[in-house]
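Since the structure comes first, as structure tokens, the remarks are kept for the end.
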Amino acid sequence: MLMLTELQHDVISETLNIGMGHAASALNELVAEEVGLAVPRVSIVTREEAVEMLRDRASDQVSGVSQDFSAEFEQSDAVNGQAFLLFPRSDSLRVVNMLLGDSVPLEALTEMEQEALSEIGNIIINATMSSFSDLLGQEINTGLPVTQIGTCRSILHADDVDSDSDYILFSHVSFNLEQRAVNGYVVLLMDVQSMSALKAGINCYLERLNVPNSGTY
Amino acid sequence: MLNKILYVEDEPDIQTVARMALEVVGGFNVEVCSSGSEALEKVVDYAPDLILMDVMMPHMDGPATLVELRKLEALDGVPVIFMTAKVQPDEVKEYKAIGAVDVIPKPFDPMSLPETVKRIWAEQCEKTVC
Amino acid sequence: MPKYEKSLIEAIVDVGECGIILLDESRNIILWNSWMHGASGISANEAVNRPLDAVFPSITGRRVFSAIDDAIRRGASSKLSHALNKWVFSLYCSAGATQVPRECMEHQVVIKPIAAEGGARHCLIQVSDITAAIKREKMLREIAQRAQASAKEAEKLSRTKSEFISVVSHELRTPLTSINGSLSLVAGGVAGDISEQGRALVEIAMRNTERLLRLINDILDVAKIESGKMNYYFEPLKLAELLEASAVVNRAYADQFGVTIEICNRVPDVRVRGDRERLMQVMANLLSNAAKFSPRDGRVRVKAERNGDAVRISVSDHGHGIPDEFREQIFGKFAQADSTDTRQRGGTGLGLNIVKAIVQNHKGEIGFDSIVGKGTTFYFDLPELLPGLLPEPSAASRSEPQERADCDAALCE
């Protein structure tokens with residue numbers, strides 16, 4: 001099992017929070033209200049565990065956005081993966097209503113609201129990736145956002161692949177707007193090589209900062 | 001022996017009809033009150049054997065009055081009967097839950113009202129051995 | 001894939017049903033398709049080689065600008081939704097040059113990095129017209145809004161209605177209580193002796209206040225049924241006891257017409273799930289109708305028997321039957337075959353309408369057979385409550401209906 005040292009964990013949390021800071025200021029320009037974004041917790045889990053965590057904390061039906069990402073590392077394998085911003089189905093409506101300030105909430109997201117949710121995810125995922133890219137000193141390309149609606153299992157392709165062959169970086173995102181908060185989940189899905197490359201990149205960063213990395217992973 | 005009845009009703013015409021039935025047909029001693037608060041004022045001094053009370057009254061309705069009456073120690077064991085047009089099974093259940101011994105539906109027949117009151121009182125006596 | 005001429009690529013791009021702009025690493029326009037020309041009024045010749053923010057000055061500092069930057073500098077793709085980015089570019093619907101001013105085109109923008117020669121990165125912008133979709137959605141939202149408003153209105157109305165029913169029921173009964181009570185005391189001699197004529201008049205008044213009270217009760221029941229406010233209190237009931245009680249309660253009324261009520265119960269042990277008061281109301285309506293329409297010294301028969309999975313309760317009379325032309329409206333409101341028929345005095349014309357609603361609320365059905373000149377049978381079916389779902393009845397209560405069934409057996413045809 002791939003694990004993070006305390007220090008690696010802190011670096012990832014910090015990187016995600018910097019990304020959220022950028023995403024929040026981008027969102028603030030789009031909506032009238034002050035939006036706050038924070039990532040309180042990060043963990044690395046298997047797909048099965050991620051499905052369980054999502055199901056426990058959200059609900060079985062989730063909706064959100066995904067974007068493919070890729071990066072070429074000189075010293076190691078290429079990093080490939082898929083980034084998600086997911087919400088419990090009912091909360092996705094709340095987020096859109098909070099941000100769009102719409103007074104007539106419909107029972108389900110309309111096409112236009114779905115597009116708005118997709119853009120919110122797009123902003124957050126791009127900001128996260130650019131924050132990682134700054135950390136690693138390495139460009140990370142992202143694909144176009146794709147709307148995701150379905151069960152936790154189907155969205156995370158838990159039935160399609162051998163669940164031990166890859167890892168998931170799982171984190172909460174809390175949206176704060178006008179004293180209301182909604183929890184979403186940022187999920188970065190990557191294979192074993194990509195995760196190793198990410199950790200190697202983090203270690204490089206720590207070496208550059210001249211911080212001894214105490215872990216042996 | 002049932003003798004003194006405190007009768008609480010806000011509608012003057014119904015007061016007259018019921019009072020006449022209880023006094024002339026039934027031969028009871030009747031004290032009439034036009035509101036829940038008047039009943040609370042008079043009840044201890046009058047010391048009735050039984051209380052007959054309307055449910056829908058302005059300001060303080062029958063159930064609210066009953067709750068206050070139940071707090072008076074002097075009235076321990078004095079049965080309270082509601083007279084009302086609101087006699088859906090769940091309403092009746094509610095009246096009994098707060099301590100009414102029975103309900104006489106409105107409109108009532110004044111000629112048989114004294115007999116009905118006597119029967120309820122007798123049933124109550126059997127239960128509590130008075 | 002073969003390398004195509006630039007002109008061919010431009011031709012392909014021009015066919016598309018969306019706007020396509022290609023920017024170089026300095027945001028200069030390299031490609032501008034004819035769709036963009038149509039929507040912006042700016043031709044490719046005017047646009048190409050100029051920076052995008054020179055063509056559309058309003059984009060500076062907006063999300064579209066940083067998204068283009070992210071694509072060129074970082075290789076990030078972005079999608080700009082209509083909800084969060086209104087009118088990114090100054091585009092208009094193509095409705096012919098004659099229409100002035102042209103309608104603003106609602107659009108959605110996708111921004112994608114493109115790897116270019118020599119490691120440079122270009123940016124592809126794709127614009128789609130979603131004006132029609134926006135209109136459709138606006139319409140849907142308006143419909144939803146209206147539906148919500150009318151649902152609220154309906155709820156308010158229903159609340160007002162039930163408050164009204166409750167107030168009317170109290171306000172109408174209060175004076176009737178006084179009137180009926182006074183008359184009853186006078187008739188009872190409480191106010192002193194009265195003459196024979198006086199007594200006859202008081203009795204007329206009493207009979208009619210009773211009729212008025214029945215009418216009020218029935219009207220309130222219909223109002224409750226129609227606004228869905230009729231409450232039911234279902235419980236397991238012994239059918240035999242229910243039928244017996246209904247016969248006892250209605251005997252005095254039947255006596256007025258010299259009519260006797262007979263019970264023939266073929267299913268003495270059956271139980272049903274029902275509201276006792278409401279089923280008594282059904283029986284009272286059917287029995288009083290049957291008594292009213294029976295010839296003097298006639299018999300009204302109440303019969304209970306199995307009908308498939310259900311129990312059928314029927315009430316038969318030997319009256320003059322229901323005329324054909326009246327059969328369809330029998331369960332309607334204020335239904336009376338012949339309002340001049342003096343025998344019908346006292347009926348409200350609402351009874352069968354209420355009876356039908358009550359039976360249907362018991363998952364039952366009501367119907368009738370009638371032969372003019374011979375008589376009428378009203379029947380309704382109730383689902384049987386199966387034993388095993390209930391505690392065993394005590395031996396005493398079980399034997400009682402059995403005896404009654406035996407002694408009434410001769411009455412069953």
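Below, chains carry the letters A, B, ... as their sequence lines are ordered, and counting in each starts from 1. These numbers were taken from a predicted model, which means no experiment stands behind them.
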Quick check: closest heavy atoms across B:Val17 and C:Leu185, and the distance to 0.1 Å?
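Here B:Val17 and C:Leu185 meet closest at O-CD1, 3.4 Å.
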Which one of B:Ala21, B:Pro110, B:Ala18 has the most heavy-atom pairs closer than 4.5 Å to chain C?
B:Pro110
Interface of chain B and chain C, donor-acceptor atom pairs under 3.5 Å:
from     : atom 1 : to       : atom 2 : distance (Å)
B:Asp90  : OD1    : C:Tyr233 : OH     : 2.7
B:Asp90  : OD2    : C:Tyr233 : OH     : 3.3
B:Asp109 : OD1    : C:Ser184 : OG     : 2.7

Given heavy-atom pairs under 4.5 angstrom as the criterion, report whether the side chain, backbone, both or neither of C:Leu183 touches chain B.
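For C:Leu183, no heavy atom lies under 4.5 Å from chain B.
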Within the supplied structure, the quantity of interest is the number of heavy atoms (other residues, nucleotides, ligands) at a distance under 6.0 Å from C:Phe234 CZ; does it exceed 12?
yes
Partner set under side chain to side chain donor-acceptor pair (under 3.5 Å) for B:Arg119, not counting sequence neighbours:
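Side chain to side chain donor-acceptor pair (under 3.5 Å) list for B:Arg119, sorted by chain: B:Glu123.
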